[in-house]
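What follows is one structure encoded as C-alpha cells, with my remarks underneath.
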Amino acid sequence: MSDTRPEKDTELDGLDFIRRIVVEHKRSGRFAGKVCTRFPPEPNGYLHIGHAKAISVDFGIASEFEGICNLRFDDTNPSRENTEYVDAIKYDIRWLGYDWADREHYASDYFEKLYGYAVQLIRAGKAYVDSLNADEIREHRGTPTEAGRNSPYRDRTIEENLDLFSRMRAGEFDDGAHVLRAKIDMAHPNINMRDPTMYRIRRHHHHRTGDTWCIYPTYDWAHGQSDSIEAVTHSICTLEFENHRPLYDWFLDELGIHHPQQIEFARLNLTYTVMSKRKLLELVTGQYVESWDDPRMPTICGLRRRGYTPSSIRKFLTRIGVSKTESTIDLSLLEYCIREELNKTAPRVMVVLDPVKVVITNYPEDGTEYFEAVNNPEDASAGTRSVAFSREVYIERSDFMMDPPKKYFRLSPGTEVRLKHACYITCTDVITDDAGSITELHCTYDPESRGGGTPDNRKVRGTLHWVSAAHAVSAEVRVYDHLFSTVNPAQVNEEAGENWLENLNPDSLVRHEHAVCEASLNEASVDNRYQFLRHGYFIADAKDSTPGKPVFNRIVSLKDTWAKVQKKEGV
RNA sequence: UUCCCGGUGGUGUAAUGGUAGCACAACAGAUUCUGGAUCUGUUUGUGGGGGUUCAAGUCCUCCCCGGGAAGCCA
C-alpha cells in the first residue's frame, strides 16, 4: 500500500486552464456551482475571427457546464458606438451558431445603477471629483518607475464631492471640466490603481440612452460592475485586462457586491493577416479591400462571404485551444478545417478558369452525348449527374504544354490524357495565332474509352477537367489568396519608414472573368458550396452573383502537390 | 529602471512528480478516373544554470528571452 500514487483526476484530463478553474469552482461550491459567462463586445466595429475565439470560449464553457452565456454590449463610449454595429454583431454571433436567448444586455442598461454605486463610493470616501484637466492628470500619474502625485482636489469633503458629482450629472459643467476618480493610491506599482477615472463629462448622443446622460462611465468602472449585476461567475477576457483585474477586484470589494472571477486568455493571432480593429478599418477606408465583408478579410462577415461554414470555424476554434501563451496560429489550420468539411460535403463540378478550345477531330460534327459523373466520391448518397460532351470542349490553358518538363502528366503534343468521366484524347495539332499563342488544340479521341476507361485497361497519368463548348455557362471566378504576403504583416520597423500596408499581397485576388462552367452551375446559390475539380472549393458570391452570370469565390484551394513541385524546381 | 503575465518540435496544444503525446505543417512511400481524398512512415521539442527527489517539462532558486502596463479607449 505504501507505493500507491494518487489517482489520476480524469475529469481534468486534457482540459484547458479555464475549464479546469470552472471544474474546481463547481467542486468547491463557489458560486453555488453555477456557471454564467458573457460575451461583451463594444458595438464600434465588426466582429472578426479573434472575437469568434472569445465567443467560442464564453458560450462553449457555459453550455458545457450547464450554465448560461449573456450577450452584453459594452456601450460606455457614445462617440464610437452605434446600432448598425449592434445588429451586425448579433447577426454574426447567431450565424456562428450561438444563442443568448433573451439575455441581450447593455452596459447602458446599468447607467443608473452604476451612478448609485459611484455615490456609494463617494460616501465611503473612496471616490472624489477631480478638476484637473486630462493633461494634468496624466502628468500627476507618474510613470511605471516613478510614483504619481496626489491631485490638489483629492481631499475634497464627501459633501463637496457629492454636490459636484450630482451637478456633473445635471449638466452644469463643460465637457472635461471635472471627472470622478477612485481614491486608491497614487504610488501604486500598478498604474491602473493610481486613482483611475470613473466618469467623464461628454455631451454626446448615445445610441440607446439618447441625451439623458452627459456623464458616461469609463469601461474600467462599468465593466466589472456590469458583470456583477448580471451575476456572471466567470468573466473571461483577453490578456490585456490582466493588469486591470486588481482594480476590478477593488471596486467589487469596496462595493461589497457579487464578485465574479476574472480569467484572462491569449487572443488569437493568425499568420498572413492583421487582427486589430484599427488596421482592419484602415484596410476598408483606404480601399485596400472592397469592404468589411471582403472575402479576404478575417472578419466574420468576410469569412462568411468567402464561403467558410460556421461549423468549420467552430472546429478550428476548438482545435486551437485556449491558453495564456501568446501565439500565432498557422492559417493553414483554418484552411485544413474547411477543406476537411467540404471534402465530405461539397458536390464536385467541372469549371475551366482559363479556357483553351480543344477540337476533337474524329468526333461527329454535331454529336452530343452525356456521360454520367459522380457528384462526390466521398459520399455515395450524393448520386450522379449527366454531363454534356461534344466535339469542342474547353480545357485549362495550364493543362497543355508545348514542351513539357519531366513529370508533367497533362496534355502535350502526341500525349494522351483522360477527360474526366468522358474519354481519352491525344493531341495531334496545335493551332497558334500570328503572335504564337495557342488558339486551339486538335485532338483525336479513342471511341473505346468510354466513361474514363478503356477495354485494354491502359494507364494514363493525366486526367483533365473540361466543359463542353456548346453547353458552357460563362462565369466569373475570383481566386483569393492571403491578403498579405508576409507571415506577420503588422510587424514592421516604423522607425525605418516601413509601413505594414506594404506587406499587402498584390495577388490576393485574381479574377477569371471568362471562366466556363457546367450548365448545372447556372443557378448556383450562396447556400451551395462546390468543389471545382482540381481547383478547390467555391461558393457563389453573395453580393455579385446573378442567375444569368454567376460569380464564384474561391474558399480555399485543393492541396496542390504539382504546384509545390513546380515551385521547388523554379527556385 | 517598476509592476503583471508568459516560455514544450516549424506552428499550436496535452502530459495532475512516473514512457514527452496529439493536430496542423514539412518530407518520403503506397494507392487513385481530381497531381484531390485516403493509408503508411519519417524528421524536429521541455530557454539556461544550480537545487530537492529513487524519479522534474512539472517543485524551489537564480538568470535569460518575449509580451503587456503611464486613455477622460475598450
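Below, read A as the first sequence line, B as the second, and so on, with proteins coming before strands; counting in each chain starts at 1.
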Practice task
Rounded off to whole Å, could you give me the CZ-to-P distance for the A/Phe409 and B/G35 pair?
Solution key: 9 Å
Practice task
Determine: side-chain N/O of A/Arg194 to OP1/OP2 of B/G71, distance under 4.0 Å, yes or no.
Solution key: no
Problem - Phosphate-side-chain proximity, A/Tyr219 and B/C73, N/O vs OP1/OP2 below 4.0 Å - result: no
Exercise for the section: Look at the side-chain N and O atoms of A/Arg202 and state whether any lies under 4.0 Å from the OP1 or OP2 oxygen of B/C73. Expected result: yes
Handout entry: Nearest-Å distance once atom P is located in both B/U1 and B/U44
Key = 38 Å
Practice task
For A/Lys564, answer base if it contacts any base atom (sugar-phosphate contacts may also be present), sugar-phosphate if it contacts only those atoms, and nothing otherwise; contact means non-hydrogen atoms under 4.0 Å.
Solution key: sugar-phosphate
Problem - For atom CG of A/Leu333 and atom C1' of B/C22, their distance in whole Å - result: 12 Å
Exercise for the section: Nearest whole angstrom, please: distance from the P of B/G7 to the CZ of A/Phe17. Expected result: 11 Å
Handout entry: No-H, no-angle donor-acceptor pair, A/Glu326 side chain to B/G12 base, under 3.5 Å
Key = no
Problem - Distance-only donor-acceptor test, A/Glu146 side-chain atoms vs B/U1 base atoms, 3.5 Å - result: no
Handout entry: Residue mapping more 5' on RNA chain B - nearest nucleotide basis, A/Arg200 or A/Thr143
Key = A/Thr143
Problem - pair A/Leu331-A/Thr273: side-chain heavy atoms closer than 4.5 Å - result: no
Fill in the blank from the handout: Numerically ordered, the residues 345-354 of chain A set in heavy-atom contact under 4.0 Å with RNA chain B is A/Arg348
Practice task
Give a yes or no on whether the backbone of A/Pro41 and the side-chain of A/Asp74 come within a donor-acceptor separation of less than 3.5 Å.
Solution key: no
Problem - Any A/Lys277 side-chain nitrogen or oxygen under 4.0 Å from OP1 or OP2 of B/A74 - result: no
Exercise for the section: Could you check how far CG of A/Asn190 sits from P of B/C4, rounded to whole Å? Expected result: 9 Å
Exercise for the section: Determine the contact category for A/Arg418: base if any of its heavy atoms lies under 4.0 Å from a base atom, sugar-phosphate if only primed atoms, P, OP1 or OP2 are that close, otherwise nothing. Expected result: base
Problem - Rounded P spacing from B/C59 to B/G18 in Å - result: 11 Å
Handout entry: Interatomic distance, A/Phe265 CZ vs B/C4 C1' [rounded to whole Å]
Key = 18 Å
Problem - C1' spacing across the pair B/G9 / B/U42, given as an integer number of angstrom - result: 14 Å
Handout entry: Between B/U2 (P) and A/Asp185 (CG): distance, integer Å
Key = 18 Å
Practice task
Please measure how far the C1' atom in B/G68 lies from the corresponding atom in B/C27, and state the result in whole Å.
Solution key: 38 Å
Practice task
Please check the phosphate of B/C22 (OP1 and OP2 only) for any side-chain N or O of A/Arg319 closer than 4.0 Å.
Solution key: no
Practice task
Classify the side chain of A/Arg138 and the base of B/G71 as holding, or not holding, a donor-acceptor pair under 3.5 Å.
Solution key: no
Handout entry: Pairwise P distance, B/A70 and B/U19 [rounded to whole Å]
Key = 44 Å
Problem - A/Tyr308 and A/Glu335: side chain donor to acceptor below 3.5 Å - result: no
Practice task
Take A/Leu558 and A/Leu12, find for each the nucleotide of RNA chain B with the closest heavy atom, and name the residue whose nucleotide sits nearer the 5' end.
Solution key: A/Leu12
Handout entry: Between NE2 on residue A/His48 and NZ on residue A/Lys279, distance to nearest 0.5 Å
Key = 11.5 Å
Exercise for the section: Confirm from the modelled atom types if A/Thr145 and B/U1 form a donor-acceptor pair under 3.5 Å, side chain to base only. Expected result: yes
Handout entry: Proximity of A/Phe111 and A/His206 rings by center, below 6.0 Å
Key = yes
Problem - Side-chain N or O of A/Thr218 closer than 4.0 Å to phosphate OP1/OP2 of B/A74 - result: no
Exercise for the section: Using the P atom on both, measure B/G47 against B/A20 and round to a whole Å. Expected result: 16 Å
Exercise for the section: Identify whether the glycosidic angle of B/G29 places it syn (within 90° of 0) or anti. Expected result: anti
Problem - Same-atom distance (P) from B/G12 to B/G67, integer angstrom - result: 14 Å
Practice task
Mind calculating the distance between CH2 (A/Trp250) and P (B/C4) to the nearest angstrom?
Solution key: 20 Å
Practice task
Compute whether any side-chain donor of one residue and acceptor of the other, for A/Asp456 and A/Thr454, lie under 3.5 angstrom apart.
Solution key: yes
Exercise for the section: For B/G10 versus B/C3, give the span between their P atoms, rounded off to a whole number of Å. Expected result: 33 Å
Practice task
State the OH-CZ distance between A/Tyr537 and A/Arg339, to the nearest 0.5 angstrom.
Solution key: 8.0 Å
Exercise for the section: Would you confirm whether A/Asp16, through its side chain, and A/Arg19, through its main-chain N or O, come within 3.5 Å as a donor-acceptor pair? Expected result: yes
Problem - Distance, rounded to the nearest Å, where A/Tyr46 contributes OH and B/A74 contributes C1' - result: 19 Å
